[in-house]
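Data first, discussion second: the structure below is written as structure tokens.
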Amino acid sequence: DAGVIQSPRHEVTEMGQEVTLRCKPISGHNSLFWYRQTMMRGLELLIYFNNNVPIDDSGMPEDRFSAKMPNASFSTLKIQPSEPRDSAVYFCASSFHRGLNQPQHFGDGTRLSIL
Amino acid sequence: AQTVTQSQPEMSVQEAETVTLSCTYDTSESNYYLFWYKQPPSRQMILVIRQEAYKQQNATENRFSVNFQKAAKSFSLKISDSQLGDTAMYFCAFMTYDSNYQLIWGAGTKLIIKP
């Protein structure tokens, strides 16, 4: 079975540009998570969807960040306008929201560099 | 507040040795699931092992085992016969109903296996 698929794997862009990160969760999973990982702050949960509905977006840093999940097989995380402090590795993870024993499965992450 | 503490920022051992990574957590819930994830330099997040709080028997996955002490809220990971490929960041995490199925993460321990 295919795992969580993220694209692009690397993104380098100049500040002020719009950045869109993409995620395809594992088929059948109904929960999707976006994380950001930096050396300074570690792994931070940005937003969590269940059945395509955002459940908790309290981790979204500011209005420049937005996330959507138009269907069960696709999600985007958008940053507009991007800033150098947004440079990080962004992970998408999915799980089957059925009980506590369902682990999250992670994609390979997108390394984002804002110049 | 629900928290996870990994008190060892970095550890290093010789290949073939046994190493134990510590993790303590805090929750008022009685039922929860505990996880160890591994993040090698390739940056993938890989599930290593998981443990249900109601199970007294410690989980084992090949060379990886846990020492789960519920009263002490401790969940340490033991790696036997360590291999160079075990070099990675190791994250401890847990999930409760109260956390709304979100993982509560520790800061991680960087483990280096020396040849």
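All chains are named by letter (A, B, ...) in the order of the sequence lines, taking the proteins before the strands, and each is independently numbered beginning at 1. A quick note: this is a predicted structure, and the numbers were derived from the prediction, not measured.
Annotation: maximal heavy-atom pairing with chain A below 4.5 Å, among Q39(B), E52(B), Q44(B), occurs at Q39(B). If you tally non-hydrogen atom pairs under 4.5 Å between each of E44(A), R9(A), R111(A), H105(A) and chain B, the highest count goes to R9(A).
Exactly one residue among F91(B), Y37(B), F35(B) makes a ring-ring contact (aromatic ring centres under 6.0 Å, His included) with F106(A). That residue is Y37(B).
With a threshold of 4.5 angstrom between heavy atoms, L47(B) approaches chain A through side-chain atoms but not through N, CA, C or O.
L21(A) and L46(A) end up in the same hydrophobic cluster when Ile, Leu, Val, Met, Phe, Trp and Tyr side chains are linked at under 4.5 Å. Note on M45(B): it clusters hydrophobically with L45(A), by side-chain heavy-atom contacts below 4.5 Å among ILVMFWY residues. A continuous path of hydrophobic side-chain contacts links V66(B) to M11(B) [ILVMFWY only; heavy atoms under 4.5 Å]. Linking Ile, Leu, Val, Met, Phe, Trp and Tyr residues whenever their side-chain heavy atoms come within less than 4.5 Å places V48(B) and V4(B) in a single cluster. F68(B) and I79(B) fall within a single hydrophobic cluster, where Ile, Leu, Val, Met, Phe, Trp and Tyr side chains are chained together by heavy-atom contacts under 4.5 Å.
Residues Q102(A) and M95(B) come closest through the heavy atom pair O-CE, 3.7 Å.
Annotation: the span from R43(B) atom CZ to Q37(A) atom CD amounts to 9.5 Å, rounded to 0.5 Å. In this structure, CD1 on I55(A) lies 9.5 Å from CD on Q102(B), to the nearest 0.5 angstrom.
Around the NZ atom of K70(B), the shell of radius 6.0 Å holds more than 12 heavy atoms that belong to other residues, nucleotides or ligands.
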